[in-house]
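First listed ligand is number 1; within each ligand, the first listed atom is number 1.
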Amino acid sequence: MPNSPLLSLLADGEFRSGQELADALGISRTAVWKQVNRLTEQGIEVESIKGRGYRLPGGLELLDEEQIRDGLTGESAALVRRLVLLERVDSTNAEVIRRLEAGEPGGLVVSAEQQTAGRGRRGRTWVSPYGRNLYLSLAWEFSQGAAALEGLSLAVGVAVAQGLSDLKLPPVQLKWPNDVLFEGKKLGGVLLEMTGDAAGQCQVIVGIGLNLAMPAAAAETIDQAWTDLETLAGRPLPRRNAVLAAVLNRLVPLVAGFEQDGFATWRQAWLDLDAMADTPVLLDTGSERMSGTARGVNERGALLLESTSGTRAVFGGEVSMRSSA
Ligand code: BTN
């Protein structure tokens, strides 16, 4: 992938003097300095200390196709037809949609070091700084339309949690419909988009964002309680390529079997990870706000909200915790 050679030289997180970098790159020290400034402008934190040189605090593990492919097993190794790694893109979901429209088939995975317009649910922006977190989109073709895909986004949350668990990371939880939480704070999110015929042959774009080591400066723009894998697991951080492969190893079999299996086969696993089970919550559907107690989800992935007027199955919205019942 088209990574800057300067970034590759600094990727281990150690200090390199301006001269050392200039020699390695065959350019002047002033040119090194200019390149460093360009990286900073792109939101990449480069520390510069007089007499020691430059370093990337914490280092970087850049995305690497060979490492990701090496980590893929079974169905994912066979079914990920194309793995596209980009340095910078508006949104990996948007890129997948463009590629599908240009005729690329499903089984396509796009990931990027940085998103400049990462999309979150409900029109939010997904904060996507360079080289620290994971942004990944998978395109999959389905033949039975949207109705057969009910609950898919919840099942994706389960697959992400399982992928992290395969890496022996501390257990995460899910918040309906598909936020990945650790200690009540958001570690990751899932955004499904669809193209094609909603009643038949369609393609689903499964977009997953996972915070691995969110830089403080980027975090300032996040408008909700967040966390990252670094907080959860400490250092050394699980390697980005390994995390990406582990998530795909759970995600690909899920999408491959979903039309046949449906959410019913994932429901118990989702309930086991439910962060809001039996908790007083507020639900905002966009048009309505309701309070009640969250009682898990039904076989279609709808939230079961219990209130004085009975239990309602809710298909869309956002829940937040309420302090009292
Ligand atoms: C949410 O708001 O919880 C969903 C966030 C989804 C973010 C991911 S990052 C990869 C993919 N590309 C996007 O633009 N969004 C999703």
Will you find, in the side chains of Thr40 and Asn37, an N or O donor that is under 3.5 Å from an N or O acceptor? no
Please check whether Arg119 reaches ligand 1 - meaning an N/O of the residue sits under 3.5 Å from an N/O of the ligand, judged on distance alone. yes
For Thr92, the ligand 1 atoms whose distance to one of its heavy atoms is below 4.0 Å: 10 (C), 11 (C), 12 (N)
Are the side chain of Lys175 and the backbone of Val319 linked by a donor-acceptor contact shorter than 3.5 Å? yes
Applying side-chain hydrogen bond (donor to acceptor under 3.5 Å, both in side chains) between Asp179 and each of Arg121, Lys185, Gln224, Lys186, report the one that passes. Lys186
Can you sort out which atoms of ligand 1 are near Leu136, meaning under 4.0 Å from one of its heavy atoms? 10 (C)
Please check: side-chain N/O of Arg322 versus main-chain N/O of Gly292, any donor-acceptor pairing under 3.5 Å? yes
Co-membership, hydrophobic cluster, residues Leu232 and Leu134, 4.5 Å side-chain: yes
With respect to Gln115, determine whether any N or O atom, backbone or side chain, lies less than 3.5 Å from an N or O atom of ligand 1. yes
With heavy atoms and a 4.0 Å threshold, my read on which part of Asn178 contacts ligand 1 is neither
Identity and separation of the nearest protein heavy atom to atom 5 (C) of ligand 1: Trp126 CE3, 3.4 Å
Which segment of Ser128 sits under 4.0 Å of ligand 1 when only heavy atoms are counted: neither
Please identify which atoms of ligand 1 are closer than 4.0 Å to at least one heavy atom of Gly118. 14 (O)
Proximal ligand 1 atoms for Ser91, defined as those under 4.0 Å from one of its heavy atoms: 12 (N), 13 (C), 14 (O)
Any luck finding a side-chain donor-acceptor pair between Asp166 and Gln162 under 3.5 Å? no
Measure the distance from atom 2 (O) of ligand 1 to every protein heavy atom, then report the residue, atom name and distance (to 0.1 Å) of the closest one. Arg121 N, 2.7 Å
Check: Glu150 side chain, Gly301 main-chain N or O, donor-acceptor pair, under 3.5 Å: no
State yes or no: do Ile222 and Tyr130 share one hydrophobic cluster built from I, L, V, M, F, W and Y residues joined by side-chain heavy-atom distances below 4.5 Å, directly or via other members? no
For ligand 1, which atoms have a heavy atom of Lys186 less than 4.0 angstrom away? 1 (C), 2 (O), 3 (O)
